[in-house]
Amino acid sequence: MNYHAVLDMHTHTIASGHAYCTLREMAKAASEKGLKALGITEHAPSMPGSCGRLYFHNLKVIPGELYGIRLFLGSEVNIVDFNGTVDLSDRELSNLDIVIASLHTVCLKPGNREENTRAYVKAMENPYIDVIGHPDDGRYEVDYPAVVEAAARFGKVLELNNHSLEPDCLRRNAKENDTILLELCREKRVPVLMGSDAHFDDRIAEFSEARALLEEVGFPEELVLNRSVDALLEKIRIGKRGK
């Protein structure tokens with residue numbers, strides 16, 4: 001199995017405040033890498049240094065395609081409390097092409113196992129959230145069977161974040177946690193999405209660590225949504241930009 005990927009839905013531009021390329025540079029790099037689609041998922045306003053709400057309101061000015069690449073313009077929103085609240089309103093989320101919801105320590109300090117699990121599960125109750133980003137961060141202890149069961153119940157996608165698996169990442173125990181998640185996803189038939197979490201254009205579609213782990217556990221290719229745009233579209237809600 002080679003886990004062929006034609007899309008990367010988790011990337012950031014200079015608008016996120018701690019990434020280093022423009023949207024055009026990211027789209028051009030994605031085209032040069034042979035992708036068919038690219039997700040630009042800027043950090044939402046609670047992330048220090050990121051763009052404000054007006055950025056997300058004005059995405060309508062950006063074309064749906066650049067350099068032959070279909071653009072999915074969305075956000076990596078921050079889960080800001082243990083009731084799953086995120087830092088863009090439902091009205092704002094409804095206009096986005098794709099929404100990833102993640103826990104970041106600068107936006108919410110880790111709680112106990114029950115609190116962290118509730119944060120993920122309650123976020124998945126939001127119909128405008130498509131993907132749970134890097135749920136493998138061991139700094140947030142969670143009940144993984146409960147997280148995967150909720151993903152199955154609410155029709156959500158779980159991310160296999162390549163950066164989490166890299167040696168320099170601050171997230172803890174990612175490989176161990178991803179191994180558990182993948183086995184549970186296989187059992188519950190929950191799809192996963194490889195994400196590069198690229199903050200520079202040369203990292204787009206860098207999935208080497210994620211592919212190695214998928215291969216190691218023998219994860220079914222049909223549950224990896226990077227294989228086609230159509231596979232992705234079957235599992236996520238498209239906002240007004242995508243209609």
Stepwise side-chain hydrogen bond (donor to acceptor under 3.5 Å, both in side chains) test for Glu206 and Ser196 = CA-CA 6 Å; Glu206 175 49 64; Ser196 68; over 6 Å; no

inquiry  = Grouping I, L, V, M, F, W and Y whenever their side-chain heavy atoms are under 4.5 Å apart, do Leu59 and Ile14 come out in a common cluster?
reply    = no

query = Same cluster for Ile129 and Leu73 if Ile/Leu/Val/Met/Phe/Trp/Tyr side chains link at under 4.5 Å?
reply = yes

Between Asn126 and Asp90: side-chain donor-acceptor atoms closer than 3.5 Å = yes

From CA spacing to verdict: side chain to side chain contact (heavy atoms under 4.5 Å, CB included), Phe200, Met26 = CA-CA 8 Å; Phe200 194 69; Met26 297 292 276; over 6 Å; no

Ser16 side, atom OG; Met47 side, atom CE - distance, nearest 0.5 Å = 8.0 Å

Side-chain heavy atoms of Val190 within contact of Leu184, under 4.5 Å = no

Hydrophobic cluster membership, Val99 vs Val80, 4.5 Å side-chain cutoff = no

ask   = Should Ile69 and Glu32 be marked as a side chain to side chain contact (heavy atoms under 4.5 Å, CB included) after you check the CA-CA gap, both sets of side-chain angles, and the distance that decides it?
value = CA-CA 10 Å; Ile69 293 291; Glu32 291 170 350; over 6 Å; no

ask   = If you measure from the Lys or Arg side-chain nitrogens to the Asp or Glu carboxylate oxygens, is any gap between Arg211 and Glu215 under 4.0 Å?
value = no

SB check Arg53 Glu92 (cutoff 4.0 Å) = yes

request  = Measure the spacing between CG of Leu193 and CZ of Arg227 and express it to the nearest 0.5 Å.
outcome  = 11.0 Å

ask   = Is there a path of hydrophobic side-chain contacts, each under 4.5 Å between heavy atoms of I, L, V, M, F, W or Y residues, that connects Val106 with Ile79?
value = no

ask   = For Asp87 and Ser46, what are the C-alpha separation, side-chain angles and deciding distance, and is it a side-chain hydrogen bond (donor to acceptor under 3.5 Å, both in side chains)?
value = CA-CA 6 Å; Asp87 53 346; Ser46 293; 3.1 Å; yes

inquiry  = Looking at every heavy atom in both Leu233 and Phe72, which two are closest together, and how far apart are they?
reply    = CD2-CE2, 3.8 Å

ask   = Quick one: does Asn173's side chain have a donor or acceptor within less than 3.5 Å of a partner on Glu176's backbone?
value = no

query = Below 4.5 Å, heavy atoms only, C-beta onward: do Leu181 and Pro135 meet side chain to side chain?
reply = yes

remark   = Looking only at heavy atoms, the pair that brings Leu158 and Cys185 closest together is CD1-SG, 3.8 Å

ask   = For the side chain of Tyr128 and the backbone of Arg91, is there at least one donor-acceptor N/O pair under 3.5 Å apart?
value = no

request  = Could you tell me whether the side chain of Ser50 and the main chain of Gly17 form a donor-acceptor pair under 3.5 Å?
outcome  = no

query = Roughly how far, to the nearest 0.5 Å, is the CZ atom of Phe207 from the CG atom of Leu213?
reply = 14.0 Å

remark   = Shortest non-hydrogen pair, Cys169 vs Ser164, comes out as SG-CA, 3.7 Å

inquiry  = Could you check whether any side-chain heavy atom of Arg153 comes within less than 4.5 Å of a side-chain heavy atom of Val121, counting everything from C-beta outward?
reply    = yes

Salt bridge (charged side-chain N to carboxylate O under 4.0 Å, His left out) between Arg203 and Glu166, worked out = CA-CA 12 Å; Arg203 305 302 295 169; Glu166 293 173 339; 2.3 Å; yes

task = Mark yes or no for whether Asn162, through its side chain, and Glu209, through its backbone, hold a donor-acceptor pair below 3.5 Å.
result = yes

ask   = To the nearest 0.5 Å, what is the distance between CG (Asn226) and CG (Leu232)?
value = 8.0 Å

message = Could you go through Thr13 and Glu42, starting from their C-alpha distance and side-chain angles, then the distance that decides it, and tell me whether this counts as side-chain hydrogen bond (donor to acceptor under 3.5 Å, both in side chains)?
response = CA-CA 7 Å; Thr13 77; Glu42 308 294 10; 2.4 Å; yes

query = Is it true that atom CZ of Arg172 has more than 12 heavy atoms of other residues, nucleotides or ligands lying nearer than 6.0 Å?
reply = no

inquiry  = Would the distance check show the side chain of Asn116 and the main-chain N or O of Gly111 forming a donor-acceptor pair, the cut-off being under 3.5 Å?
reply    = yes

Salt bridge flag under 4.0 Å for residues Arg118 and Glu115 = no

ask   = Does atom CD of Glu114 have more than 12 heavy-atom neighbours from other groups under 6.0 Å away?
value = no

inquiry  = Apply side chain to side chain contact (heavy atoms under 4.5 Å, CB included) to residues Glu25 and Lys28 and explain how you reach the verdict.
reply    = CA-CA 5 Å; Glu25 288 169 336; Lys28 188 172 187 292; 5.8 Å; no

ask   = Do NZ/NE/NH1/NH2 and the carboxylate oxygens of Arg113 and Glu141 come within less than 4.0 Å?
value = yes

key: Point-to-point distance, once rounded to the nearest 0.5 Å, from CD1 of Ile40 to NE2 of His10   = 10.5 Å

inquiry  = When you compare the side chains of Arg171 and Asn161, does any donor N or O come within less than 3.5 Å of an acceptor on the partner?
reply    = yes

key: Lys235, NZ: over 12 other non-hydrogen atoms inside 6.0 angstrom   = no

ask   = Would you say Lys33 and Ile204 make side-chain contact, with heavy atoms under 4.5 Å?
value = yes

remark   = Partner of Leu38 under side chain to side chain contact (heavy atoms under 4.5 Å, CB included), picked from Leu23, Thr11, Leu7, Leu66, is Thr11

message = Is it the case that the side chain of Tyr144 and the backbone of Ile180 share a donor-acceptor pair, with hydrogens and angles ignored and the cut-off at 3.5 Å?
response = no

inquiry  = What I'd like to find out is whether the side chain of Arg186 reaches to under 4.5 Å of the side chain of Val217, using heavy atoms alone.
reply    = yes

message = Rounded at 0.5 Å granularity, tell me how far OG in Ser75 sits from CG in Leu96.
response = 6.5 Å

message = Quick one, Lys60 with Asn58, criterion side chain to side chain contact (heavy atoms under 4.5 Å, CB included). Give me CA distance, side-chain angles, the key distance, then yes/no.
response = CA-CA 5 Å; Lys60 61 183 180 290; Asn58 201 42; 3.6 Å; yes

request  = Go through the steps to decide whether Glu221 and His4 satisfy the test side-chain hydrogen bond (donor to acceptor under 3.5 Å, both in side chains), and finish with yes or no.
outcome  = CA-CA 9 Å; Glu221 286 185 288; His4 180 62; over 6 Å; no

task = Return the minimal non-hydrogen interatomic distance between Val6 and Ser228, and the atom names on each side.
result = CG2-CA, 3.7 Å

inquiry  = Any heavy-atom pair between the side chains of Leu160 and Asp178 that's under 4.5 Å?
reply    = yes

key: Any Glu76 side-chain heavy atom under 4.5 Å of His12 side chain   = yes

inquiry  = Check whether Asp8 reaches the backbone of Ala205 with its side chain - one donor and one acceptor, N or O, closer than 3.5 Å.
reply    = yes

inquiry  = For His104 together with His43, are the ring centres under 6.0 Å from each other?
reply    = yes

key: Under 3.5 Å: donor-acceptor pair, side chain of Thr85, backbone of Asp81   = no

key: Tyr55 with Tyr20, same ILVMFWY side-chain cluster at under 4.5 Å   = no

query = Quick one: does Glu159's side chain have a donor or acceptor within less than 3.5 Å of a partner on His134's backbone?
reply = yes

Within-4.5 Å side-chain heavy-atom neighbours: Asn95 and Phe56 = no

task = Without swapping roles, check the side chain of Thr117 against the backbone of Asp143 for a donor-acceptor pair under 3.5 Å.
result = yes

